[in-house]
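The block underneath contains the structure these notes are about, expressed in structure tokens.
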Amino acid sequence: MNTRRNFIKTSAFASAALLVNKLDAAESEKFANDFKTKVVKPIVLSTWNFGLKANEAAWEILNKNGKALDAVEAGVKIPEGDPAERSVGYGGRPDRDGHVTLDACIMDENANIGSVACLEFIKHPISVARAVMEKTPHVMLVGEGALQFALSQGFIKENLLVDESEKEWKEWLKTNNYKPVVNIENHDTIGMIALDANGDLSGACTTSGMAFKMHGRVGDSPIIGAGLYVDNEIGAATATGHGEEVIRIAGCHLVVELMRQGKTPEQACKEAVARVVKLTANRKKNLKDIQVGFIALNKKGEYGSFCVQSGFNYAVYDASGNRLIDAGFHLK
Ligand code: ASP
């Protein structure tokens, strides 16, 4: 009896389990197929107009089945090396004491990270960040130490202050009004995130930071979790705008975690912006003085963005070509 009851119980359980297993198998097959058919790769996204040129360099690598890590480094080096781009790398605007100080970070699909902050005299801080990642036991080097490390790795010491930036700085010195101007014009940090043909994600972020900032000021761009975050199971995000506000909410980590909870890239960016808006109100600050923009990409190659106020755009390059997209914004 006991045996029979047990048998019935066991077999009922076994058939239920079988059914569940079948459903599970069917479900996961459906998911796997959806994933296979829907995934868009390779794909690369980057912030602002200069993202178009940067994407071209990244696409060269992605299109030949290259690694997302190599693509994002090569991509952001374009505006870094261009003296006409006055908010990134060579040509960047100086701090209020006349020093061009650069911030950059990089992250790969295995959560390897490298970062430099307040680095002077080196044209490509992103490559120094990559060297920190690959050649040191650390994840972040700053200031003089970062410069010493760069020189030890063969990077060349150069003057990064171009005439136009120097002129602007001297003009600014006349008023010497230390109030970081909200940069809602079309030139800013370049953040780039990419999904390669192998399905791996990486990201890079590099900037000269806020023009005429205090000497030693570091923004969000070299801070993993703030200006950039990559989780190879979920997606990647990068930020531009008022670094202090991005750091306050650990912005890009937040965006990736929101995608983990099932949000689309755009919903995740929108919710992170809502967090900035809320904290700004709590702190009784004027939202009009703040710009923050996020772009995000998930593991399926879906992407999106959102920002506080209008004016932010980003470039996307995939099999359909390279184009600029205006981000949605909160402050109407
Ligand atoms: N996020 C950068 C910083 O705060 C600057 C920017 O993107 O406008 O340094």
Side-chain angles (χ1 to χ4, degrees), residues 45-51 54 76 79-80 85-89 91-96 99-107 115-120 125-126 129 140 142-143 146 160 165 168 178-193 203-229 237-255 269 272-273 275-276 279-280 285 287-296 305-315 327 329:
L45 265 69
S46 54
T47 52
W48 302 108
N49 278 354
F50 51 31
V76 304
E80 272 188 349
E85 296 300 356
R86 314 268 307 293
S87 56
V88 176
R93 292 181 183 83
D95 64 19
R96 66 185 191 179
H99 301 264
V100 179
T101 67
L102 306 175
D103 294 344
C105 74
I106 193 157
M107 183 162 192
S115 157
V116 287
C118 209
L119 173 64
E120 291 187 61
I126 198 65
M140 188 170 199
V142 305
L160 304 181
S165 291
E168 252 189 70
Y178 185 65
K179 182 174 188 280
V181 181
V182 178
N183 205 344
I184 58 167
E185 295 133 47
N186 212 336
H187 47 75
D188 239 1
T189 297
I190 184 152
M192 177 178 272
I193 45 185
C205 188
T206 175
T207 190
S208 53
M210 293 223 169
F212 321 130
K213 60 196 175 186
M214 289 175 70
H215 185 59
R217 180 265 187 186
V218 171
D220 60 314
S221 307
I223 308 217
I224 296 290
L228 176 73
Y229 200 70
T238 189
T240 182
H242 214 117
E244 285 73 6
E245 306 314 314
V246 180
I247 294 172
R248 201 181 310 285
I249 62 160
C252 288
H253 186 260
L254 175 63
V255 171
C269 293
V273 165
R275 191 79 61 93
V276 171
L279 294 186
T280 306
K285 303 280 180 194
L287 194 61
K288 286 200 178 131
D289 293 339
I290 288 171
Q291 171 67 313
V292 166
F294 293 104
I295 60 174
S305 73
F306 208 73
C307 61
V308 172
Q309 40 192 314
S310 69
F312 170 49
N313 61 3
Y314 63 108
F329 54 94

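Values reported hereafter were calculated over all heavy atoms of this structure, with side chains retained and with hydrogens, waters and symmetry mates removed. Bear in mind that the values here come from a model prediction, so they are computed numbers and not experimental data. In each ligand, atom 1 is the first atom listed, and ligand 1 is the first ligand listed.
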* Asked: Quick one: which ligand 1 atoms are inside 4.0 Å of a heavy atom on S221?
  -> 1 (N), 2 (C)

* Asked: Looking only at distance, does T240 have an N or O less than 3.5 Å from an N or O of ligand 1?
  -> yes

* Hey, does the side chain of T238 reach the backbone of G227 with a donor-acceptor pair shorter than 3.5 angstrom? -> yes

* To do: Apply the side-chain hydrogen bond (donor to acceptor under 3.5 Å, both in side chains) test between W48 and each candidate in N313, T189, T240; give the one that qualifies.
  => T240

* To do: Go through the structure and list residues passing ring pair (Phe, Tyr, Trp, His ring centres under 6.0 Å) with Y229, not counting sequence neighbours.
  => H253

* To do: Compute the shortest N/O to N/O distance between G243 and ligand 1 and return yes if it is under 3.5 Å, no if not.
  => yes

* To do: Give a yes or no answer on whether the side chain of K213 reaches the backbone of V218 with a donor-acceptor pair at less than 3.5 Å.
  => no

* Residue selection (non-hydrogen contact nearest atom 6 (C) of ligand 1) among G241, G293, G191 -> G241

* Asked: Under 4.0 Å from ligand 1, counting heavy atoms only, is it the side chain of D188, its backbone, both or neither?
  -> side chain

* To do: Give a yes or no on whether the backbone of R86 and the side-chain of R93 come within a donor-acceptor separation of less than 3.5 Å.
  => yes

* Consider every N or O of D220 and every N or O of ligand 1, then say whether any pair is closer than 3.5 Å. => yes

* **Heavy-atom nearest neighbour of atom 4 (O) of ligand 1 within options H242, R217, M210, E244** => R217

* **Candidate pair H242 and R248, rule side chain to side chain contact (heavy atoms under 4.5 Å, CB included), full reasoning** => CA-CA 10 Å; H242 214 117; R248 201 181 310 285; over 6 Å; no

